[in-house]
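Counting from 1, the numbers follow the sequence of the chain as shown. For clarity, every value in this text was computed on a predicted model and none was experimentally measured.
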Amino acid sequence: QVQLVESGGGLVQAGGSLRLSCVASGRTFSRYVMGWFRQTPGKEREFVAHISLTGVGTYYGDSVKGRFTISRDNAKNTVYLHMNSLKPEDTAVYYCATSSRMEVSASGYEFWGQGTQVTVSS
């Protein structure tokens, strides 16, 4: 069992930046691919980014490519999502999750955090 707690969300103006953090419990953090997803009401959870076990491999959804950066610190059991050049359409609840593979589908992720709200005003 892995517990994930996201933080760092909030209200920001368009063009601004935020850094989300996701802290995992337990000693197995470095064994998991970590992903970020986001969701708005009435829509399916959207893949944002994921990062490999060592942090060398990353992959991004088309809507955030070039603006968001995912990173991880295995010593701190933490994965980050650095979000730059934010747009109103980035407004969503952001979730981190664990997987055993570099998946882009939410169904491929096992443990999920409770989410953190990001709101981008125009």
> So if you build clusters from Ile, Leu, Val, Met, Phe, Trp, Tyr with side-chain heavy-atom gaps below 4.5 Å, do V23 and V118 land together?
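Different hydrophobic clusters.
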> If two hydrophobic side chains count as joined below 4.5 Å and joins carry through other members, does V2 share a cluster with L20?
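Yes.
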> Would a single hydrophobic cluster contain both Y60 and M34, if residues Ile, Leu, Val, Met, Phe, Trp and Tyr are joined by side-chain heavy-atom contacts under 4.5 Å?
yes
> Would you confirm whether S85, through its side chain, and R67, through its main-chain N or O, come within 3.5 Å as a donor-acceptor pair?
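Side chain of S85 to backbone of R67, a donor-acceptor pair under 3.5 Å: no, none is there.
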> T116 side chain to Y94 main-chain N or O, any donor-acceptor pair under 3.5 Å?
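Judged by distance alone, no pair lies under 3.5 Å.
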> Could you tell me which non-hydrogen atom of A97 sits nearest to which non-hydrogen atom of L4, and how far apart they are?
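Scanning both residues completely, I find the closest heavy atoms to be CA-CD1, 3.7 Å.
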> Any donor-acceptor pair under 3.5 Å linking the side chain of D73 with the backbone of T78?
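Flag not set: sc D73 to bb T78 has no pair under 3.5 Å.
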> Is there any salt bridge (Lys or Arg N to Asp or Glu O under 4.0 Å) pair reaching into residues 48-62, and which pairs are they, with sequence neighbours excluded?
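Residue pairs passing salt bridge (Lys or Arg N to Asp or Glu O under 4.0 Å), neighbours aside: D62-K65.
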> Restricting to non-hydrogen atoms, name the atom on S71 and the atom on V79 that form the minimum distance, rounded to 0.1 Å.
O-CG2, 3.1 Å
> Would you call the rings of Y80 and H82 parallel, tilted or perpendicular, where under 30° means parallel and over 60° means perpendicular?
tilted
> I'd like to check M83 versus V64 (side-chain heavy atoms, cut-off strictly below 4.5 Å). Are they in contact?
no
> Determine, using the 4.5 Å side-chain heavy-atom cutoff (strictly less than), whether V104 and W112 are members of one ILVMFWY cluster.
yes
> Quick check: does any side chain N or O of T58 sit under 3.5 Å from a backbone N or O of I70, one acting as donor and the other as acceptor?
no
> Please set out all donor-acceptor pairs under 3.5 angstrom arising from side-chain atoms of residues 5-13, sequence neighbours excluded.
unit_1, atom_1, unit_2, atom_2, d
E6, OE1, Q114, N, 3.1
E6, OE1, G115, N, 2.8
E6, OE2, C96, N, 2.9
E6, OE2, G115, N, 3.3

> Quick one, N74 and R72 - any side-chain contact, counting heavy atoms below 4.5 Å?
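In short, these two side chains touch, coming nearer than 4.5 Å.
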> Check A92 against T40 and note the closest heavy-atom contact, atom names and distance.
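Closest pair (atom of A92, atom of T40, distance): CB-CG2, 3.7 Å.
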> With a sphere of 6.0 Å drawn around CZ of F111, does it hold more than 12 non-hydrogen atoms of other residues, nucleotides or ligands?
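Above 12, so yes.
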> Could you tell me whether the side chain of L53 reaches within less than 4.5 Å of the side chain of V33, counting heavy atoms only?
yes
> Taking the six-membered ring for Trp, are Y109 and F37 ring centroids under 6.0 Å apart?
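Under 6.0 Å, so yes.
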> With a 6.0 Å cut-off (strictly less than), is the heavy-atom count around CD of Q3, excluding the residue itself, greater than 12?
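Not more than 12 within 6.0 Å, no.
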> Which of these passes side-chain contact (heavy atoms from CB on, under 4.5 Å) with F47: R45, E44, H50?
H50
> So, S63 versus E89: side-chain donor-acceptor pair below 3.5 Å or not?
no
> Please find the pair of heavy atoms, one from A14 and one from P88, that lie closest to each other, and give the distance.
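Nearest pair, atom of A14 first, then P88: CB-CD, 4.1 Å.
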> For S17 and N84, work out which heavy atoms get closest and say how close.
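So the minimum-distance heavy-atom pair works out to OG-OD1, 2.9 Å.
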> So which heavy atom on G113 is nearest to which on Y95, and how close?
O-CD2, 3.5 Å
> Applying a strict under-4.5 Å side-chain criterion to I, L, V, M, F, W and Y, I'd like to know whether L81 and L86 cluster together.
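They do share one cluster, since a chain of ILVMFWY contacts under 4.5 Å joins L81 to L86.
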